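Quick notes on the structure that follows.
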Amino acid sequence: MQNADIARALETIAILLEIRGEEHYRVLAYQRAAESVAAAGTPVAELEDPRSLPNVGGTTARVINDLAQNRTPEILAELAEEIPAGLVELTRLPGVGPRTAGRLWRELGVTRVEEVAALKEGSIAALKGFGKKSEEAILRAARSHTSREQRMLLDEAAAAAERLLEFVRSHPAAGRVEVAGSLRRQKETVGDLNLVAASEDPKALVEAFAAAPFVEEVTSRGATGVSVVCAGGVEAELRVVSPEGFGSLLQHFTGSRAHNAALRERAERRGLSLSEYGLGEAGGGRYEPLRTEEELYARLGLRYIEPELREDRGEIEAAERGELPELVEVRDIRGDLHVHTNYSDGKGTVESMAEAAIELGYEYLVFCDHSQSLRVANGLSPGRLEEKMRAVRRADERYPEIHLLCGAEVDILRDGSLDYEDAVLAELDFVVASVHTAFRMAGGPMTDRIVRAMHNPHVRAIGHPTGRLLNRRDPYAVDVSRLIREAAATNTALELNAYPDRLDLSVPHAREAVRAGVRLTIDTDAHDERALSFMRFGVAQARRAWVERQSVVNCLPWPEFEAYLREGK
DNA sequence: GCCGTTTTCGGCCCGACTGTTTTCAGTCG
């Protein structure tokens with residue numbers, strides 16, 4: 001088992017313990033152990049002793065060792081015996097925690113989300129402590145949850161794909177091997193993994209893949225392709241062609257469906273026919289395979305279209321006119337403007353985060369810890385903020401390779417005022433303002449609230465502007481188009497938060513913002529050193545939104561960024 | 001269940017919000 005799987009198992013134990021009604025701190029211990037495992041750089045299976053990880057003691061170490069060696073820990077077996085597995089999924093419904101899930105199970109006999117969705121009106125409301133509103137919220141959550149399939153987040157999908165790629169590439173019969181599908185287009189969530197490979201011996205590759213150690217079930221198998229379910233439930237498909245046809249196959253399986261349909265129509269108008277096997281005379285039935293995608297697009301009279309743009313949102317017309325955007329790239333990013341430290345709820349120190357940023361070649365890094373009212377995140381009082389600022393200044397002197405700046409992610413309070421006085425904000429190098437409370441406000445007041453924050457002269461960017469959490473929480477009710485207009489009017493940047501479960505702004509909003517002349521920041525919101533690498537997911541999202549480097553604040557080289565800070569809004 | 005120049009026991013991150021209450025439990029971040 002990999003670290004991520006072990007961490008997930010520990011989290012499951014925590015949820016089950018809480019459903020059972022165990023003492024909170026015992027639950028917390030498993031959650032913390034899960035975090036440590038997830039954040040560990042090396043696979044825990046390779047550790048001498050898991051107890052070297054923070055918050056892992058004797059008990060959780062034994063559990064981790066069991067999991068690492070694919071044994072079911074005693075505690076998990078015991079809990080699984082006692083509590084139906086579906087209850088864990090129930091707790092993922094917004095507003096339903098372990099206590100509620102436990103009561104629904106014990107008092108109404110439901111064990112799965114679908115069963116909750118099917119409950120008769122009034123049955124939840126009849127329970128002690130529940131009323132009409134709670135019932136409505138739970139039923140709504142359950143019903144929309146069932147209609148939404150669970151898709152992988154980009155980082156999970158990328159990691160899973162990397163393992164598969166490695167396996168296929170290491171096979172002696174493998175030529176070029178690439179990921180296709182929505183992962184190659186860097187869609188914010190991914191349903192299944194599509195791999196395409198070039199090989200003179202497709203059969204050998206297909207058979208090796210079907211027999212791979214990570215494969216749990218082969219769902220279909222042919223001479224040139226195979227579909228499997230991997231351990232952990234990830235569905236994957238491998239298609240193999242001869243090297244001459246690799247470009248055609250890669251293009252076809254990269255999609256999107258809409259993009260390919262538009263391309264086929266275009267081919268048709270030119271008397272051609274396009275398929276996964278190549279390009280042919282219309283009605284001829286024979287296809288000329290194409291070795292590269294570039295060749296394919298050229299044959300259709302188009303510039304090469306980056307995978308992120310292939311959604312039939314105007315990219316084909318732009319490619320025809322030679323007006324495709326020059327998309328921002330990871331290497332254009334000069335710094336990260338929103339990272340946390342252990343002054344608030346981060347794991348890294350000022351120094352360790354700075355060193356990680358130097359590794360990435362950044363010219364600057366802005367520490368934006370939480371503000372005072374966000375106690376759960378250990379938000380900084382003005383006094384502690386001052387103390388941190390001194391620490392950042394000292395570190396800045398110690399690391400000549402990088403410019404270290406002290407900012408804050410200041411809470412936008414319910415009325416749109418900010419969680420620090422202006423005099424405090426004025427001391428900071430950079431201020432990101434974000435909503436972390438009262439998510440259920442109506443759209444009008446919520447938008448007013450954020451707009452008011454934008455009008456503060458010290459606020460340079462709005463953090464994760466819609467608050468959505470992919471697969472978990474809808475955006476709060478906010479009129480993003482109005483935010484964009486106000487951002488343009490107040491010269492406030494909007495953050496494109498690169499955290500894989502946020503990717504907030506969404507692609508359509510980011511595109512709208514840039515068209516309106518609003519600048520974006522692409523920030524990781526990193527809470528540990530490793531999360532700094534999430535930048536690539538934020539950049540990918542920006543690319544899907546046709547964003548060019550000049551629209552991104554943190555693509556500015558240091559002297560220009562410094563000038564941007566100095567000029568103010 | 002974890003942890004320790006306050007401690008091997010007694011803390012541990014806790015306040016806001018919501019919906020349901022008449023003093024609070026559960027969820028969220």
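Note that the structure is predicted; figures quoted are calculated from it, not measured. Here is the naming used below: chain letters follow the sequence lines, and residue numbers restart at 1 for every chain.
Nucleotides B/dA25 and B/dT20 have their C1' atoms positioned 9 Å apart, rounded to a whole Å. Spacing of P atoms, B/dC13 relative to B/dG19, comes out at 29 Å, to the nearest Å. Going from the P atom of B/dT6 to that of B/dC12 covers 15 Å, rounded to whole Å. For B/dG10 and B/dG15, the P atoms lie 23 Å apart once the distance is rounded to whole Å. Spacing of C1' atoms, B/dC9 relative to B/dC14, comes out at 23 Å, to the nearest Å. On the P atoms, B/dT22 is 22 Å away from B/dC17, given to the nearest whole Å. A distance of about 10 Å separates the C1' atoms of B/dC3 and B/dT7, rounded to the whole Å.
For A/Thr59, a side-chain nitrogen or oxygen approaches OP1 or OP2 of B/dC2 to under 4.0 Å. Dashed line: the shortest gap from a side-chain N or O of A/Thr100 to OP1 or OP2 of B/dT27 is under 4.0 Å. Look at A/Ser134 and you'll find a side-chain N or O under 4.0 angstrom from OP1 or OP2 of B/dT20. Under 4.0 angstrom from either OP1 or OP2 of B/dC17 there lies at least one side-chain N or O belonging to A/Arg414.
Minimum atom distance to the side chain of A/Arg99 is reached by B/dT27, of the listed B/dC12, B/dT27, B/dC2. For A/Arg440, the side-chain atoms get nearest to B/dG19 when compared with the rest of B/dC12, B/dG19, B/dC2. For A/Thr60, whose side chain is taken as the heavy atoms from C-beta onward, the closest listed nucleotide among B/dC2, B/dC12, B/dT18 is B/dC2. When each of B/dC3, B/dG1, B/dG19 is scored by its nearest atom to the side-chain atoms of A/Asn55, the top-ranked nucleotide is B/dC3. Here the nucleotide nearest the side chain of A/Lys133, chosen from B/dG19, B/dG1, B/dC17, is B/dG19. Picking from B/dC13, B/dC3, B/dG1 the nucleotide with the shortest atom distance to the side chain of A/Arg32 gives B/dC13.
Rounding to whole angstrom units, CZ of residue A/Arg449 and C1' of B/dC17 are separated by 12 Å. The separation between A/His24 atom NE2 and B/dC12 atom C1' is 9 Å, rounded to whole Å. With rounding to whole Å, A/Lys128 atom NZ is found 11 Å from B/dC24 atom C1'. With rounding to whole Å, A/Leu76 atom CG is found 16 Å from B/dG1 atom C1'. Between A/Leu380 atom CG and B/dC13 atom C1' the separation is 14 Å, expressed in whole Å. Rounded to an integer number of Å, the gap from CZ of A/Phe130 to P of B/dT20 is 9 Å. The nearest whole Å value for the distance from the NE2 atom in A/His370 to the P atom in B/dC28 is 17 Å. Protein atom CD1 of A/Ile138 is 15 Å distant from nucleotide atom C1' of B/dC28, rounded to whole Å.
Donor-acceptor pairing under 3.5 Å is recorded for the side chains of A/Thr466 and A/Asp504. Donor-acceptor pairing under 3.5 Å is recorded for the side chains of A/Glu529 and A/Ser352. A/Glu355 and A/Tyr399 share a side-chain donor-acceptor pair at under 3.5 Å.
In this structure, B/dC17 forms a base pair with B/dG26, meeting either the Watson-Crick or the G-U wobble geometry with both donor-acceptor distances under 3.5 Å.
Between A/Glu18 and A/Ala29, the residue whose closest nucleotide on DNA chain B is further toward the 5' end is A/Ala29.
We find that the ring of A/Tyr25 and the base of B/dC2 do not stack by the test of centres under 5.5 angstrom and planes tilted less than 30°.
Using bins of under 30°, 30° to 60° and over 60° for the plane-to-plane angle, the ring pair A/Phe439/A/Tyr476 lands in the parallel bin. Aromatic ring orientation, A/His464 versus A/His338: tilted (interplanar angle from 30° to 60°).
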Inset, instruction - Would you check, one step at a time, whether the test side chain to side chain contact (heavy atoms under 4.5 Å, CB included) holds for A/Arg519 with A/Tyr564? - result: CA-CA 12 Å; A/Arg519 285 214 262 193; A/Tyr564 162 88; 3.5 Å; yes

Legend entry - Pair A/Arg334-A/Tyr362, side chain to side chain contact (heavy atoms under 4.5 Å, CB included): steps then yes or no: CA-CA 5 Å; A/Arg334 308 297 184 101; A/Tyr362 287 164; 6.0 Å; no

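Among the heavy atoms of the strands lying under 4.0 Å from A/Val56 are primed sugar atoms or P, OP1, OP2 only; no base atom is included.
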